[in-house]
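This report concerns only the one structure given below.
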Amino acid sequence: MTQDTFTIRDNSTGKEADFPLRRGTIGTSVIDVSTLNKQMGLFTFDPGFVSTASCKSAITYIDGEKGVLLYRGYPIDQLAENCSFLEVAYLLMNGELGNKAEQAEFEHEIGQHAMLHEAMRSFIDGFHYDAHPMAMMVGIVGSLSAFYHSELNMDDPEHRRISAMRMLAKMPVIAAACHRHSIGYPFVYPRADLSYCENFLNMMFSLPSQKYIDKDNYISPVAVKALNLLFILHADHEQNASTSTVRLASSTGANPYACIAAGIGALWGPAHGGANEAVLSMLEEIGSVDRIPEYIAKAKDKNDPFRLMGFGHRVYKNFDPRATIIRKACYEVLEQIPGNDPLFDLALALEEYALKDAYFVEKKLYPNVDFYSGIIYKALNIPVDMFTVMFTIARTSGWVSHWLEMMAEPGQRIGRPRQVYTGKELRNFEPPKK
Ligand code: ACO
């Protein structure tokens with residue numbers, strides 16, 4: 001191997017070729033195998049993309065061994081401590097934090113784009129009252145392409161920016177509308193005088209007879225602070241399953257609303273964003289500390305499909321820095337909005353038990369971001385089936401940032417993986433026997 005190249009040798013044919021090693025600013029280098037098939041007549045095989053980088057990106061960096069997560073170079077704990085969600089969204093989308101005027105203009109524009117086309121109300125009304133809100137989200141966000149088809153020249157950077165702003169602005173409005181629909185309450189319009197998180201809480205919980213600020217209730221500073229924090233922690237996570245889905249769909253040149261709808265579908269699964277809902281169900285099922293050993297045994301049993309939800313991560317093998325921040329926030333929130341303490345106590349006991357168990361230690365399974373997020377959402381009165389929708393609102397900032405980055409990159413190619421074919425060899429057609 002010469003410097004900056006990697007030699008691959010096929011022992012069956014003796015054929016060998018050099019491939020460039022590509023280095024990012026920080027992090028693991030990659031072998032550029034894009035000419036592998038041309039040079040050696042081979043493909044790589046990497047189910048689950050365990051060792052494969054699918055793109056270059058300057059947005060988010062993770063060091064899974066050290067528990068590092070950076071957005072545009074800034075450590076997640078510093079952003080969580082000092083920023084609002086929309087400041088982080090600006091950073092993700094634009095690469096730098098906005099100055100006061102830039103941020104104010106960004107937030108004003110988000111306010112302008114928040115309204116939904118009135119005809120969308122009848123579209124939402126078409127869903128059955130007990131539809132899962134994530135099912136509604138996939139459909140409604142996909143339908144945005146039918147309502148907002150102006151500014152869709154994807155070669156025009158301004159059109160792309162407007163589409164991204166629309167999605168970021170409308171996502172909490174759609175999310176709250178899904179909730180109101182499911183409980184049969186009238187929709188609440190977004191208000192330009194409220195911040196992003198205040199607005200969401202108002203659209204979720206206000207009643208026609210209620211003055212909008214009910215400081216002890218749903219728009220308390222505690223609730224707004226907690227929501228900002230959770231949205232920041234969920235905002236982006238480099239090439240996770242849903243972001244990769246958005247990128248893959250976008251590589252075909254598809255409409256951006258359809259691509260984000262595809263991402264929402266991917267996020268819904270319990271191995272990804274659906275985990276926060278699954279953690280709460282699991283904690284409620286376990287019910288008490290004395291049943292923890294029984295569930296830990298189930299999680300370790302290879303014949304039992306049960307997994308400890310909110311535990312383990314493809315990338316983090318030491319700790320998830322987001323889980324550390326959320327665990328701390330749980331103490332603060334529950335001190336001020338009590339009610340969920342038994343669940344939190346149970347979660348703490350479960351974490352302590354699992355982290356002492358040889359199975360979890362050997363496999364490096366630690367609590368991930370979603371082990372504790374549901375406890376905070378529940379304290380804020382967010383219904384359990386809305387937990388993954390909350391994740392969707394936050395992750396929209398990451399999805400649109402990756403989409404903008406990708407669309408601006410010259411020489412984009414359609415994403416098209418290969419396969420190892422394991423089916424029948426060539427055979428001639430014969431009519432099926434009667
Ligand atoms: N409980 C019990 N065993 C587990 C768990 C768990 N939560 N997670 C992984 N393992 C075991 C696996 O059975 C496997 O064991 P093996 O080596 O004997 O086969 C080993 O640990 C490695 O697990 P993989 O599934 O190969 O790890 P992968 O990186 O593919 O999956 C994932 C990561 C999906 C997060 C997995 O840990 C999991 O299912 N966790 C529970 C769901 C969850 O919390 N998801 C949220 C992730 S964070 C997010 O998306 C925001």
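The chain is numbered in sequence order, starting from 1. What you see is a predicted model, and the numbers here were worked out from it, not measured in a lab. When a ligand or atom number is given, it counts from 1 through the structure's own listing order.
Inter-residue side-chain proximity for W268 and S242 is flagged as unmet; no heavy-atom pair is nearer than 4.5 Å. Between F391 and L267 there is a side-chain heavy-atom pair separated by less than 4.5 Å. For the pair T5 and L21, the minimum side-chain heavy-atom distance is 4.5 Å or more.
For ligand 1, the polar-atom distance check against H272 finds a nitrogen or oxygen pair separated by under 3.5 Å. Checked against a 3.5 angstrom limit, the closest N/O atoms of F311 and ligand 1 fall inside it. Note: no N/O pair closer than 3.5 Å links D370 and ligand 1 by distance alone.
A271 O, 3.1 Å is the protein heavy atom nearest to atom 45 (N) of ligand 1. For atom 12 (C) of ligand 1, the nearest protein heavy atom (residue, atom name, distance) is R307 NH2, 3.2 Å.
A salt bridge does not link R22 to D4: none of the charged nitrogens lies less than 4.0 Å from a carboxylate oxygen. Note on K378 versus E284: salt bridge recorded, some NZ/NE/NH1/NH2 to OD/OE distance being below 4.0 Å.
When distances from atom 27 (O) of ligand 1 to the protein are checked, no heavy atom turns up under 4.0 Å. Of the protein's heavy atoms, at least one falls inside 4.0 Å of atom 10 (N) of ligand 1. The protein reaches atom 43 (C) of ligand 1 closely, with a heavy atom under 4.0 angstrom from it.
Here is the list of ligand 1 atoms found below 4.0 Å of a heavy atom in R314: 28 (P), 29 (O), 30 (O), 33 (C). Heavy-atom contacts of G310 reach the following atoms of ligand 1: 43 (C), 44 (O) (cutoff under 4.0 Å). Of all atoms in ligand 1, numbered sequentially from 1 with element shown, those under 4.0 Å from a heavy atom of A275 are 43 (C), 44 (O), 45 (N), 46 (C). Of all the atoms in ligand 1, the ones that sit under 4.0 Å from a non-hydrogen atom of A299 are 2 (C). Ligand-side atoms of ligand 1 in range of F391: 51 (C), range being under 4.0 angstrom from any heavy atom. The atoms of ligand 1 that sit less than 4.0 Å from any heavy atom of V369 are 51 (C).
With a 6.0 Å cutoff to the six-membered ring centre and a 45° limit on the axis angle, K300 does not count as a cation-pi contact of F306. Under the 6.0 Å distance and 45° angle rule, K356 does not count as a cation-pi partner of Y353.
P270 counts as a contact of ligand 1, since one of its heavy atoms falls under 4.0 Å from the ligand. The shortest separation from a heavy atom of H234 to ligand 1 is not under 4.0 Å, leaving the residue out of contact. Residue contact annotation: F371 has no non-hydrogen atom under 4.0 Å from ligand 1. Heavy atoms of G48 come nearer than 4.0 angstrom to ligand 1 in no pair at all. Residue Y359 places a heavy atom under 4.0 Å from ligand 1.
Comparing heavy-atom distances from atom 15 (O) of ligand 1 across K302, E362, K298 singles out K302 as nearest. Ranked by closest heavy atom to atom 5 (C) of ligand 1, the top entry among I296, L308, L365 is L365.
Of all the heavy atoms of K363, the ones lying under 4.0 Å from any atom of ligand 1 belong exclusively to the side chain. Residue V279 does not touch ligand 1, judged by heavy-atom distances below 4.0 Å.
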> Can you list the steps and then say if F387 with Y377 is a ring-ring contact (aromatic ring centres under 6.0 Å, His included)?
Replying inline: CA-CA 7 Å; F387 287 3; Y377 282 138; 5.7 Å; yes
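Taking the six-membered ring wherever Trp is involved, the centroid distance between the rings of Y331 and F344 falls below 6.0 Å. F311 and F360 have their aromatic ring centers within a separation under 6.0 angstrom. Annotation: H237 is in aromatic contact with H313 [ring centroid separation under 6.0 Å].
Side-chain contact of T35 with Q39: a donor-acceptor pair under 3.5 Å is present, judged by distance alone. Side-chain N/O atoms of Q103 and E107 include a donor and acceptor closer than 3.5 Å.
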